[in-house]
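Since the model is a prediction, treat every value here as computed from it, not as a measurement. Within every chain, numbering begins at 1; the chains are lettered A, B, ... in the order of the sequence lines, protein sequences first and strands thereafter. Values below: all heavy atoms of this structure, side chains included; hydrogens, waters and symmetry mates excluded.
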Protein chains: 2
Amino acid sequence: MKTVSTRRLAQDEPAKVRRRDREKTKAEILQIAFEEFAESGLLGANADAIAARAGITKRLIFYYFNSKEELFIAVLEMAYGKMRLAEEDLHLETLEPEAAIRRLAEFTFDFHQANPEFVRLVAIENIHRGRHIQRSEKLTRMTRPVIGQIERVLAKGKSLGAIRPEIDAHELHATLNALSIFSVANRHTFEAQFHWDMTSPEAKARRRVEIAEVLWRYVRCDKASAIADQ
Amino acid sequence: MKTVSTRRLAQDEPAKVRRRDREKTKAEILQIAFEEFAESGLLGANADAIAARAGITKRLIFYYFNSKEELFIAVLEMAYGKMRLAEEDLHLETLEPEAAIRRLAEFTFDFHQANPEFVRLVAIENIHRGRHIQRSEKLTRMTRPVIGQIERVLAKGKSLGAIRPEIDAHELHATLNALSIFSVANRHTFEAQFHWDMTSPEAKARRRVEIAEVLWRYVRCDKASAIADQ
DNA sequence: CCTGTAATTATCCAATGAGATAATTACAGG
DNA sequence: CCTGTAATTATCTCATTGGATAATTACAGG
């Protein structure tokens, strides 16, 4: 079982240059740990497997991250950090209310579809009752910039009379995330129950507009909307 | 670690009567296994712990269920079975379209809120890519009766001009379940990010009407609705 | 070149936990 | 009352796996 040459498996560069590079090594461990944790969960993920895939020794993982749990926390921080970065590129301010809402919905849907490992990681962390995300200073401080954007879109929409005044940014965010995450997170039990392929391009495309539609119909004002656009 | 007297811990009845009762023993194992799997996941759940809580020996678990995975499948079957039973009691046929939709939404929400272990179990099964639900004859055959009810509600609503003709029962079911499950399944990461208590009675009550509102606004016809009710 | 430090490795260890073996015991049907 | 069968127990095994110990080696700064 313990093969002699576990090293150098994941290495394709000139082999010389990047040994003894603290930051690069840590980043490599993190990326592979991310994949392993997302695939197998906190218990299921295996330190030996991570080491083997990273082309290093298991000891090195503990050298940098102290314990499996701390490694998991570091992985969570990285994953959430990437999402935050993506959200910053979403410029909703320039759009009209309806376009902004639809763009927000589609962006969120696309992100989750493109990052199922992230969705799985979040599900795993919830199974563990969020005890790691709580323990992380970085994560508890990490506010989600998208909330501010949503608030501004809502404010604008309300002042224009296009969006209902009682809509709350956090509720809207929860609604959207619920719809978007479900398509990835609960894919398997849903498919098994209804013999429904949620991964086909058509199904995804349909769900994508469906979610935008749900969201827009939820926030728009009763009278104005139907006539105002189109 | 291996305590001598693990027996008789969960026993409160007259102690004599119900020993050597195949069905009762199996049912007890199933119930406790359900709780343990929901709490700790497929890997995290421990056969020794289940045995101890059930007041039996670990061997007995394997005697009845062969393996941990088969036990997990049996637990899934039981849990889904209970949900199906609950769904059958939902009589939507007699209600007007809007009332039916709201009742459906609230019933679903209440069910998930009342059965967080079930929601966790489903999340765990999805982490495992639904491989157990697939393997179970019983579960793949088990159609969800609620779909039929939704279809009838939609048909009636459409013929009355209260519900949009393009609404699909499965999409609606997915939308509702996404919203409802999220409030339980993603509670912890959501709360950590927004310092938002989703378990308080007020938050739950608010979310409950919110979800019904989202659903109804999604399915209703553009013109009729705003005037028709109230 | 030389050397101290930090990155990295090789190897070991102790706990855990799923499942197996084989003995024991309750009880239904004769 | 007797006995075969099925329920139940006590005990063992062995693979897995986090984490620990201690040795080794690359390389930056003198």
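- The two residues A/Glu191 and A/Met198 come nearest to each other via the heavy atoms OE2-N, 2.7 Å.
- Distance B/Leu43 CG to C/dG17 C1': 11 Å, rounded to the nearest Å.
- Under the rule for a salt bridge (Lys or Arg N to Asp or Glu O under 4.0 Å), the partners of A/Glu36 that lie at least two apart in sequence or sit in another chain are A/Arg53.
- The CD-P distance, from A/Glu36 to D/dT17, rounds to 11 Å in whole Å.
- For the pair A/Phe37 CZ and D/dG18 C1', the computed distance is 11 Å after rounding to whole Å.
- By the side-chain contact (heavy atoms from CB on, under 4.5 Å) test, B/Arg135 is found to be paired with B/Glu69, B/Ile73, B/Arg131, residues two or more places apart in sequence or in another chain being considered.
- There is no side-chain donor-acceptor pair under 3.5 Å between B/Arg120 and B/Ser40.
- In this view, B/Gln134 satisfies the side-chain contact (heavy atoms from CB on, under 4.5 Å) rule with no residue, not counting sequence neighbours.
- For B/Ile56, counting side-chain heavy atoms from C-beta on, the closest listed nucleotide (D/dT17, D/dA6, D/dT9) is D/dT9.
- What separates CZ of A/Arg22 from P of D/dC27 is a distance of 16 Å, to the nearest Å.
- Look at CG on A/Asp48: it is 16 Å from P on D/dA15, rounded to the nearest Å.
- Relative to the side chain of A/Asn46, the nucleotides C/dG17, D/dT17, D/dT9 differ in distance, and D/dT17 lies closest.
- In this structure, B/Lys26 places its NZ atom 15 Å from C1' of D/dT8, rounding to the nearest Å.
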Where does DNA chain C pair, written as one dot-bracket string 5' to 3', with Watson-Crick or G-U pairs under 3.5 Å, ( ) inside the strand, [ ] for crossing pairs and | for another strand?
-> ||||||||||||||||||||||||||||||
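- A salt bridge is defined here as a Lys NZ or Arg NE, NH1 or NH2 lying under 4.0 Å from an Asp or Glu carboxylate O, and A/Glu28 with A/Lys24 meets this definition.
- Classification of the A/Phe190-A/Trp196 ring pair by plane angle, with boundaries at 30° and 60°, yields perpendicular.
- Of the residues in residues 58-76 of chain B, B/Arg59, B/Leu60, B/Tyr63, B/Tyr64 come within less than 4.0 Å of DNA chain D through at least one heavy atom, sorted by number.
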Please assess A/Lys204 against A/Glu210 for the test salt bridge (charged side-chain N to carboxylate O under 4.0 Å, His left out), listing each intermediate value before the final yes or no.
-> CA-CA 10 Å; A/Lys204 275 159 72 168; A/Glu210 201 82 353; over 6 Å; no
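- Using a 4.0 Å heavy-atom cutoff across all strands shown, B/Ala45 reaches sugar-phosphate atoms only and no base atom.
- For A/Ala123, the side-chain contact (heavy atoms from CB on, under 4.5 Å) partners are B/Ile127, not counting sequence neighbours.
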